[in-house]
2 protein chains.
Amino acid sequence: MPNNQFKKGELYSFITGKASIAIARRLQKKFNNAGLNLTIEQWSVLYHLWKEDGKSQQELCNATFRDKPSITRLVDNLEKLQLVKRVASENDRRINKIYLTKQALKLQEQSMGLAEETLNDALAGVPADQINLCKEVLQRVYDNLK
Amino acid sequence: MPNNQFKKGELYSFITGKASIAIARRLQKKFNNAGLNLTIEQWSVLYHLWKEDGKSQQELCNATFRDKPSITRLVDNLEKLQLVKRVASENDRRINKIYLTKQALKLQEQSMGLAEETLNDALAGVPADQINLCKEVLQRVYDNLK
DNA sequence: GGCATATAGTTAGTTAAACAACTAATCAAA
DNA sequence: TTTGATTAGTTGTTTAACTAACTATATGCC
């Protein structure tokens, strides 16, 4: 039987993703302490728009690994916060393109700095080669399941 | 600066825990397909009670890495499903001890089988030593942040 | 053109997470 | 022994995930 090195006690924390939950909580705290009124989920949408503005909601679904209703509501809330605007595509009127506002552009540097800081906290004392191997394993897991 | 091997594109998936989300989704699907009317979060509580029945809610908080309101509501829902019962502790009447019902005991074998299956799906083709290293890194991340 | 199908997005309902504020029971110390 | 602090658990509110059902637009085929 493959991979039965997973004894039950270890099984649990792999499934629950304790480590990534801890990372997300730490980042959220840093946001709160910095007075950034932003959830990690909202930040994750902005993150992909900072990389390329004007993505459609469907593209945001793919990028953030969320389903359509989740993105609809995240964009709703980001619009309420005046951080993004929906603009109907001229070519295909089913599509909403999502554009960052000036306010959102201002948040990029600070929040990305806090995110890098969080990962440095998380990975303190872990050698680079181990991090890389870990990333590869997690990517493989993701590919195995998608 | 330590650990700056994290370029931005990689940063995101580490924070979001794509891999563990994928694992949880796969396990939830297996539960649904098997007709198990159980969320992964509910299962995670049962999991720790199968290991040791009669834990207090606070002990379940620690074990599952959730806060008290989350456990209150999970136990509420598990009680509605008649899978656990709250029993006030005789020594200390602030404490609820949570006990599995017969119905819950029946679910253990099947659901744990599906969980192992899910991890085997997830880790297919990943050598044991890499899995072990990955576990160590994730544990270290968790310890760094708690 | 007209109809079936696919795609983009929204709405509704249930479950869960995070946080704050709360009640009740226990403990400790003056 | 009473007062203050601590601990266990609950309740309320907001945000988000997931599923299913829905609307509207676009596409492809006859």
Side-chain angles (χ1 to χ4, degrees), chain A residues 16-18 20-33 36-45 54-81 83-84 86-98, chain B residues 16-18 20-33 36-45 54-81 83-84 86-98:
Chain A
T16 54
K18 259 184 12 176
S20 49
I21 292 174
I23 292 173
R25 284 180 184 164
R26 172 67 62 97
L27 179 56
Q28 183 70 66
K29 265 186 197 154
K30 284 185 196 279
F31 280 5
N32 296 343
N33 291 341
L36 283 178
N37 179 25
L38 205 57
T39 67
I40 301 306
E41 294 80 7
Q42 291 165 358
W43 173 82
S44 79
V45 172
K55 282 196 162 83
S56 73
Q57 294 189 198
Q58 184 58 53
E59 286 169 331
L60 288 172
C61 291
N62 301 336
T64 64
F65 194 42
R66 293 185 165 82
D67 66 1
K68 291 192 289 177
S70 296
I71 291 297
T72 292
R73 262 123 195 180
L74 280 170
V75 172
D76 285 350
N77 286 331
L78 286 167
E79 260 192 332
K80 277 183 209 153
L81 292 169
L83 294 174
V84 304
R86 282 179 169 95
V87 178
S89 165
E90 297 197 351
N91 304 335
D92 184 338
R93 292 198 308 195
R94 292 170 304 182
I95 294 176
N96 289 336
K97 301 213 165 196
I98 311 302
Chain B
T16 54
K18 261 184 9 176
S20 50
I21 293 174
I23 291 174
R25 284 182 183 162
R26 172 66 64 95
L27 179 56
Q28 183 70 65
K29 263 186 199 154
K30 283 184 196 279
F31 279 5
N32 296 344
N33 291 342
L36 284 178
N37 179 28
L38 206 56
T39 68
I40 300 307
E41 293 82 6
Q42 290 164 0
W43 173 82
S44 79
V45 172
K55 283 195 162 82
S56 71
Q57 294 189 198
Q58 184 58 53
E59 287 169 331
L60 289 172
C61 291
N62 300 337
T64 64
F65 194 42
R66 294 184 165 82
D67 66 0
K68 290 192 291 175
S70 297
I71 291 296
T72 293
R73 268 131 190 172
L74 281 170
V75 172
D76 285 349
N77 286 332
L78 285 167
E79 260 192 332
K80 276 184 209 153
L81 291 169
L83 294 174
V84 304
R86 282 179 170 93
V87 178
S89 165
E90 298 198 350
N91 305 335
D92 183 340
R93 290 198 308 194
R94 293 170 302 181
I95 296 177
N96 288 337
K97 302 216 163 193
I98 311 301

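Below, chain A is the first sequence line, B the second, and so on; all start at residue 1. Note that these values count all heavy atoms, side chains included, but never hydrogens, waters or copies made by symmetry.
Across every non-hydrogen atom of B/Phe65 and A/Arg25, the tightest pair is O-NH2, 2.9 Å. For the residue pair B/Ser70 and B/Arg66, the shortest heavy atom distance occurs at CB-CB, 4.0 Å. Listed here is the closest heavy atom pair of B/Ile95 and B/Ser56: CG2-CB, 3.7 Å. Nearest heavy-atom pair, B/Leu38 versus B/Phe31, reported as atom, atom and distance to 0.1 Å: O-CD2, 3.6 Å.
Where A/Glu90 and B/Lys29 meet DNA chain D, the nucleotide closest to each residue was compared, and B/Lys29 sits on the side nearer the 5' end. Nearer the 5' end of DNA chain C, as judged by each residue's closest nucleotide, is the contact made by A/Arg73, out of A/Arg73 and A/Ile21. Each of A/Arg93 and B/Glu59 was matched to the nucleotide of DNA chain D holding its nearest heavy atom; the match closer to the 5' end belongs to B/Glu59.
Separating the CG atom of A/Leu74 from the P atom of C/dG9 is a distance of 14 Å, rounded to the nearest angstrom. Rounding to whole angstrom units, CG of residue B/Asp76 and C1' of C/dT14 are separated by 14 Å. Taking atom CG on B/Asn32 and atom P on C/dT15, their separation rounds to 13 Å, with Å as the unit.
We find the CD-CG distance between A/Gln42 and A/Asn37 to be 7.5 Å, quoted to the nearest 0.5 Å. Of the inter-residue distances, the one linking A/Gln57 atom CD with A/Ile71 atom CD1 reads 7.5 Å to the nearest 0.5 angstrom. Rounding to the nearest 0.5 Å places CG of B/Leu27 at 6.0 Å from CH2 of B/Trp43.
On the nucleic acid side, DNA chain D contacts chain A at distances under 4.0 Å to non-hydrogen atoms, with the end points of that region at D/dT15 to D/dA26.
Contact annotation: B/Arg66 side-chain N/O to C/dA16 OP1/OP2 distance is not under 4.0 Å. One finds a side-chain N or O of A/Thr72 lying less than 4.0 angstrom from the OP1 or OP2 phosphate oxygen of C/dT10.
Counting any heavy atom pair closer than 4.0 Å across all strands shown, A/Gln42 reaches sugar-phosphate atoms only and no base atom.
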Produce the list of close N/O pairs, under 3.5 Å, pairing protein atoms with atoms of nucleotides 6-8 of chain C; give distances to one decimal.
residue : atom : partner : partner atom : Å
C/dT7   : O2   : A/Arg94 : NH1          : 3.0
C/dA8   : O3'  : A/Arg94 : O            : 3.4
C/dA8   : N7   : A/Lys68 : NZ           : 3.4

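A salt bridge links A/Arg86 with A/Asp76: the distance from a Lys NZ or Arg NE/NH1/NH2 to an Asp or Glu carboxylate oxygen falls below 4.0 Å.
Checking side-chain atoms of A/Gln28 against main-chain N and O of A/Ile23 turns up no donor-acceptor pair under 3.5 Å.
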